[in-house]
Student: 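Input: one structure, supplied below.
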2 protein chains.
Amino acid sequence: MSQIKLVIVDDHDVVRKGIKTYLMTEDEIEVVGEASSGDEGADLVLKEKPDVVLMDLIMDNGTGIEATERIVDQLPDCKVIILTSYYDDEKVFPALEAGAFSYMLKTSSADEIAEAVKKAVNGENVIEPKVAGKMMTRMRSPEKQLHEDLTQRELEVLICIGNGLTNTEISEKLFIGIKTVKTHVSHVLHKLEVQDRTQAAVYAHQKGLMK
Amino acid sequence: MSQIKLVIVDDHDVVRKGIKTYLMTEDEIEVVGEASSGDEGADLVLKEKPDVVLMDLIMDNGTGIEATERIVDQLPDCKVIILTSYYDDEKVFPALEAGAFSYMLKTSSADEIAEAVKKAVNGENVIEPKVAGKMMTRMRSPEKQLHEDLTQRELEVLICIGNGLTNTEISEKLFIGIKTVKTHVSHVLHKLEVQDRTQAAVYAHQKGLMK
DNA sequence: TATGCTCTCAGTCTATAGTCTGAGATATAA
DNA sequence: TTATATCTCAGACTATAGACTGAGAGCATA
């Protein structure tokens, strides 16, 4: 089989260099490009058409999630392996839903990463145990993200609450009446299954909905 | 001058490998040990007595902050360089206060990191521009952490607020009257310079006071 | 002893939050 | 067309939050 063409997208220079240097000892793998941001990475991948992409999630210009979506959409055969430090729900599931093929943590050894790359081209997924555990629990109890039920407007209101705005301030910011704000707030509280706006604010922060 | 002895503490295998492999090309630097957790790292450093330590902040067993404190306390001549992905206030200032010598981000190039190591042994600090900016703003307006003014009890109340508890619930949890809770809450709001409990909850979460 | 800080609590008052019911307008899908 | 969902707003009501003043007890320190 011919060499596996790989692109590395990570804003950490040492990570890129580390993987690249290590993979130089792997004959089957050839690093055909590197990028340090999501946007740049997606562009590069669409140009180079590699077999596998190692993708970080948190980067300056364009997240790995967005880049993964673009890549999977344009190049369905290209396997995107998420390689990141995070394994919380807010990062894992959006990445998998975006079409990531494997999900590795940076605590993995270089060997494991090389192995995951090889397996990817053979159609084998590699999911970190910690991440796999989260997937299992989600499978067992399809624990719906409550905020998925929120309408666009309700989500806007929730973000305002999360920023500590009062109803009056929200009404001024969104150019709607206080009565309307109260209606939205009530709906938000019910949908999130919380008792008051403070708990809603906590929810928004804990679920990473802020910013 | 003799070789610079370096220890790398980072739970990311690829980062350790990346730095190590790169530094092999640097004659002046010798990597005398690696560790993947704060506790292990501090032990290793106290044993090996290197000139410089590259230290990650977020790790499984023992944070880089604690490890840095131990190292600086025991080996004052050992320069600890923080090398991490974070540059928010909650991470930067505790690290500097713990005695970190330099503060680098993983987005730095391998060359910059090698340079920082060499500078450290010569007594030159290297502070990432983003981090330096934060230090400058703190210098200009010695922006006191408002919650430092809170009494023990007030901090407890704030944590409760941050968990979304109502005054009644707080009074039950802390075994005090509602009136007392209201007094504490009022004091908390004033000291944090916020208008209501929701903003206080947001503050607690943003400043990393929860948990 | 005097001073100051903390924690506790009361009373009073106002402002804000939140519930519930009802309803009109619009857009979209069956 | 009918149904469904969203966004908008009103009125009436209750509950909670928060401000302000005052005060006693305990504790540590100058």
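By convention in this document, chain letters (A, B, ...) are assigned in the order of the sequence lines, proteins followed by strands, and residues within each chain are numbered from 1.
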Student: Check side-chain contact (heavy atoms from CB on, under 4.5 Å) between A:Lys191 and all other residues, then give those that pass, not counting sequence neighbours.
Tutor: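 For A:Lys191 the side-chain contact (heavy atoms from CB on, under 4.5 Å) partners, ignoring immediate neighbours, are A:Asp149, A:Leu150, A:Thr151, A:Glu154.
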
Student: Classify the ring geometry between A:His147 and A:Tyr203 as parallel (under 30°), tilted (30 to 60°) or perpendicular (over 60°).
Tutor: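 Perpendicular: the ring planes of A:His147 and A:Tyr203 meet at over 60°.
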
Student: Name the residue from B:Ile71, B:Ile4, B:Val32 that meets the side chain to side chain contact (heavy atoms under 4.5 Å, CB included) definition with B:Pro50.
Tutor: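 Filter result, single survivor: B:Val32.
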
Student: For A:Arg16, check side chain to side chain donor-acceptor pair (under 3.5 Å) against everything at least two apart and list the hits.
Tutor: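 Applying side chain to side chain donor-acceptor pair (under 3.5 Å) to A:Arg16 gives A:Asp13, A:Glu34.
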
Student: Give the rounded distance in Å between these two atoms: CD of A:Gln199 and C1' of C:dG18.
Tutor: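 Rounded to the whole Å, the gap is 13 Å.
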
Student: Atom CD1 of A:Ile178 to atom P of D:dT8: distance rounded to whole Å?
Tutor: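 In whole Å, D:dT8 P lies 14 Å from A:Ile178 CD1.
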
Student: Is there a side-chain contact between A:Thr180 and the phosphate of D:dC9, meaning an N or O under 4.0 Å from OP1 or OP2?
Tutor: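 So the side-chain polar atoms of A:Thr180 do come within 4.0 Å of the phosphate oxygens OP1 or OP2 of D:dC9, strictly under.
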
Student: Counting only side-chain nitrogens and oxygens, does B:His184 get under 4.0 Å of the OP1 or OP2 atom of C:dT8?
Tutor: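 Yes, such a contact exists.
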
Student: Identify all pairs in which a protein N or O lies below 3.5 Å from an N or O of nucleotides 4-6 of chain D, and state each distance.
Tutor:
none

Student: Just wondering, do B:Val45 and B:Cys78 contact through their side chains at under 4.5 Å, heavy atoms?
Tutor: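 Yes; the side chains approach each other to less than 4.5 Å.
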
Student: If you apply the rule side chain to side chain contact (heavy atoms under 4.5 Å, CB included), what do you find for B:Leu6 with B:Val53, and how did you get there?
Tutor: CA-CA 6 Å; B:Leu6 177 73; B:Val53 180; 5.8 Å; no

Student: Evaluate the salt bridge (charged side-chain N to carboxylate O under 4.0 Å, His left out) criterion for residues A:Lys106 and B:Asp11: first the C-alpha distance (whole Å), next the side-chain angles of each, then the deciding distance (0.1 Å), finally the verdict.
Tutor: CA-CA 8 Å; A:Lys106 283 184 181 170; B:Asp11 62 338; over 6 Å; no

Student: With salt bridge (charged side-chain N to carboxylate O under 4.0 Å, His left out) as the criterion, how do A:Lys20 and A:Asp10 come out once you've worked through the C-alpha distance, each side chain's angles and the decisive distance to 0.1 Å?
Tutor: CA-CA 12 Å; A:Lys20 199 175 174 181; A:Asp10 196 311; over 6 Å; no

Student: Separation of A:Ile170 atom CD1 from D:dC9 atom P, in whole Å?
Tutor: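 It is 14 Å, rounded to the nearest whole Å.
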
Student: Extract from the structure each pairing of a protein N or O with an N or O of nucleotides 14-20 of chain D at less than 3.5 Å, listing the distance.
Tutor:
residue, atom, partner, partner atom, Å
D:dA17, OP1, B:Asn167, N, 3.4
D:dA17, OP2, B:Asn167, ND2, 3.4
D:dA17, N7, B:Lys182, NZ, 3.3
D:dG18, OP1, B:Arg197, N, 2.6
D:dG18, OP2, B:Arg197, NE, 2.8
D:dG18, OP2, B:Arg197, NH2, 3.4
D:dG18, N7, B:Lys182, NZ, 3.0
D:dG18, O6, B:Lys182, NZ, 3.0
D:dA19, OP2, B:Ser186, OG, 2.5

Student: Show me, pair by pair, the donor-acceptor contacts under 3.5 angstrom made by side chains of residues 171-188 of chain A, not counting sequence neighbours?
Tutor:
residue, atom, partner, partner atom, Å
A:Ser171, OG, A:Thr168, O, 2.7
A:Thr183, OG1, A:Lys179, O, 3.0

Student: To the nearest 10 degrees, what angle separates the axes at the start and end of the helix from C:dT1-D:dA30 to C:dA30-D:dT1, five pairs each?
Tutor: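 End axes: 40° apart.
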
Student: Evaluate the side-chain proximity of A:Leu158 to A:Leu192: yes if any heavy-atom separation is below 4.5 Å, no if none is.
Tutor: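 They are in side-chain contact.
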
Student: Take A:Lys17 and A:His12, measure what side-chain hydrogen bond (donor to acceptor under 3.5 Å, both in side chains) needs, and give me the verdict at the end.
Tutor: CA-CA 9 Å; A:Lys17 274 208 159 49; A:His12 298 152; over 6 Å; no

